[in-house]
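Whatever order the structure lists them in is the order used to number ligands and atoms, beginning at 1. In this text, all values refer to a predicted model and were calculated from it rather than measured experimentally.
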Amino acid sequence: MLKKGNVRSNQVLLFARNFLKNPRAVGSIIPSSPFLIRSMLAQVRWPEARVLVEYGPGTGSVTREILANMAPDATLISIEMNEEFVRNLTQRFPDPRLRVVRDSAANVRDVLRRYGFESADYILSSLPFANMPVSLRGQILWETSQAIGPSGALVLYQYSPRLESTLGPIFEHVDRDLVLRNFPPALCYRCSR
Ligand SMILES: C[S@@+](CC[C@H](N)C(=O)[O-])C[C@H]1O[C@@H](n2cnc3c(N)ncnc32)[C@H](O)[C@@H]1O
């Protein structure tokens, strides 16, 4: 049986190995810090969150905390492009509330429909938007704005404020928080219509 510390270092190694294989898509060499994850999750009103979507779960550091906070009858759909991450997440989290989907966040509305949902209450993104072509970035953010319900929100983090010029025209309300206890320091955004 593997000890907790060994499991954590295996996940860190898996993350770093995939960063080295595809740095632009993975976007960071280590997973988000507990402080950044806490700041993201503080943006969610858990009693109202029935359908949650996660973009870019990677090795599941945010996934684990979403599952720990969400209601027993809520659903989490985690959308990840990387095949190895998808396999690892599916094995590590045999939670009946979780669906791990190998797809692009750009197809979020199709993914929601596949599972019988019209919209999501919350979308939590770890995507490295700064590394994407401008058109893909715009497409994902637009699709996301159409996929969240009227009282829902998109929560995301970035390492620079550059994305704000794209978020502004798509979302009516954009609030941000600076999280210094992360490597590198990050900006956490809550965007709603
Ligand atoms: C910075 S990692 C985040 C990992 C983890 N959630 C965290 O915060 O530590 C970004 C993840 O986004 C995934 N990704 C990149 N582009 C994507 C896309 N268009 N759709 C879904 N996942 C994507 C990458 O494979 C990677 O796992």
Side-chain angles (χ1 to χ4, degrees), residues 7-44 52-70 76-93 98-112 114-115 120 122-145 147 154-160 162-163 166 177 179 181-190:
V7 173
R8 198 168 301 131
S9 36
N10 285 348
Q11 298 309 313
V12 171
L13 284 177
L14 174 65
F15 196 88
R17 185 155 42 82
N18 277 279
F19 171 78
L20 295 174
K21 271 198 243 167
N22 198 344
R24 288 183 76 79
V26 176
S28 162
I29 194 158
I30 50 168
S32 305
S33 72
F35 303 98
L36 177 54
I37 297 172
R38 205 171 300 153
S39 174
M40 290 179 83
L41 301 197
Q43 309 302 324
V44 177
L52 298 111
V53 173
E54 180 188 17
Y55 293 163
T59 50
S61 49
V62 181
T63 319
R64 186 182 50 232
E65 299 306 319
I66 298 174
L67 289 170
N69 282 277
M70 69 192 240
L76 170 62
I77 302 176
S78 294
I79 306 178
E80 171 59 63
M81 296 241 292
N82 179 304
E83 190 181 0
E84 199 175 358
F85 287 157
V86 168
R87 221 178 310 122
N88 172 63
L89 288 164
T90 309
Q91 283 168 4
R92 276 184 57 227
F93 299 105
L98 172 67
R99 313 275 181 276
V100 182
V101 182
R102 185 170 180 216
D103 209 321
S104 168
N107 300 325
V108 58
R109 283 196 288 172
D110 283 346
V111 173
L112 279 166
R114 245 182 270 160
Y115 288 100
Y122 286 94
I123 297 185
L124 295 111
S125 166
S126 304
L127 295 181
F129 283 109
N131 298 347
M132 290 179 188
V134 176
S135 59
L136 177 61
R137 193 187 303 166
Q139 187 194 352
I140 293 176
L141 290 169
W142 169 253
E143 286 292 324
T144 302
S145 71
L154 163 68
V155 179
L156 64 95
Y157 67 81
Q158 290 292 279
Y159 301 123
S160 93
R162 262 176 304 170
L163 195 66
T166 313
D177 229 3
V179 182
R181 293 173 82 179
N182 188 70
F183 180 78
L187 291 157
C188 179
Y189 293 93
R190 184 186 199 280

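- The shortest N or O to N or O distance between Ser61 and ligand 1 is under 3.5 Å.
- Of the protein's heavy atoms, Ser32 OG, 2.5 Å lies nearest to atom 8 (O) of ligand 1.
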- Verify side-chain contact (heavy atoms from CB on, under 4.5 Å) between Asn82 and Asn22, making sure each step is shown before the conclusion. CA-CA 10 Å; Asn82 179 304; Asn22 198 344; 5.9 Å; no

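- The atoms of ligand 1 that sit less than 4.0 Å from any heavy atom of Gly58 are 4 (C), 27 (O).
- At a cut-off of 3.5 Å, with distance as the only test, a side-chain donor of Asn88 or Gln11 sits close to an acceptor on the other residue.
- Enclosure of atom CZ in Arg17 by more than 12 non-hydrogen atoms of other residues, nucleotides or ligands within 6.0 angstrom is indicated.
- The CG atom of Leu187 sits 4.0 Å away from atom OH of Tyr189, with the distance rounded to the nearest 0.5 Å.
- Residue Tyr157 approaches ligand 1 through these ligand atoms, each under 4.0 Å from one of its heavy atoms: 1 (C), 3 (C), 7 (C), 8 (O).
- Evaluated by nearest non-hydrogen atom to atom 10 (C) of ligand 1, the leading choice among Asn18, Val108, Val26 is Val26.
- Closest to atom 19 (N) of ligand 1, if we only count protein heavy atoms, is Ser104 OG, 3.3 Å.
- When only non-hydrogen protein atoms are considered, atom 15 (C) of ligand 1 lies nearest to Ala25 O, 3.2 Å.
- Applying the side chain to side chain donor-acceptor pair (under 3.5 Å) criterion to Ser160, with sequence neighbours excluded, gives Arg162.
- With respect to atom 27 (O) of ligand 1, the closest heavy atom belonging to the protein is Glu80 OE1, 2.8 Å.
- The two residues Phe15 and Ile29 have their closest heavy-atom pair at CD2-O, 3.4 Å.
- Heavy-atom distances between Gly27 and ligand 1 stay at or above 4.0 Å for every pair.
- Near Phe85, meaning under 4.0 Å from one of its heavy atoms, ligand 1 places the atoms 27 (O).
- Taken from CE in Met132 to CG in Leu141, the straight-line distance is 8.5 Å, to the nearest 0.5 Å.
- Given atom 12 (O) of ligand 1, the protein heavy atom at minimum distance is Gly56 CA, 3.3 Å.
- Those atoms of ligand 1 that come under 4.0 Å of a heavy atom in Asp103, given as number and element, are 20 (N), 21 (C).
- In summary, the atoms of ligand 1 found under 4.0 Å from a heavy atom of Asn82, numbered by their order in the structure, are 25 (O).
- Residues Tyr55 and Val108 have side chains in contact (heavy-atom distance under 4.5 Å, counting atoms from C-beta outward).
- Within the 4.0 Å heavy-atom shell around ligand 1 one does not find Tyr55.
- If you number the atoms of ligand 1 from 1 as listed, the ones under 4.0 Å from a heavy atom of Ile79 come out as 21 (C), 22 (N).
- Annotation: atom 14 (N) of ligand 1 to nearest protein heavy atom, Leu127 CD2, 3.7 Å.
- Between the Thr144 side chain and the Ile140 main chain, a donor and an acceptor come within less than 3.5 Å of each other.
- From the protein, the heavy atom lying nearest to atom 21 (C) of ligand 1 is Met81 CG, 3.4 Å.
- Salt-bridge annotation for Arg102 and Glu80: absent, with no side-chain N of the basic residue lying under 4.0 Å from a carboxylate O of the acidic one.
- The ligand atoms of ligand 1 that sit less than 4.0 angstrom from a heavy atom of Phe15 are 2 (S), 4 (C).
- Residue contacts with ligand 1: Pro57 is included, with a non-hydrogen atom under 4.0 Å away.
- Protein heavy atom nearest atom 20 (N) of ligand 1, with residue, atom name and distance: Ala105 N, 3.0 Å.
- No more than 12 heavy-atom neighbours from other residues, nucleotides or ligands sit within 6.0 angstrom of CZ on Phe183.
- Here is the list of ligand 1 atoms found below 4.0 Å of a heavy atom in Pro31: 9 (O).
- When only modelled atom types and interatomic distance are considered, Tyr157 and Ser125 share no side-chain donor-acceptor pair under 3.5 Å.
- A side-chain contact (heavy atoms from CB on, under 4.5 Å) with Pro31 is found for exactly one of Ser61, Ser126, Pro57, namely Ser61.
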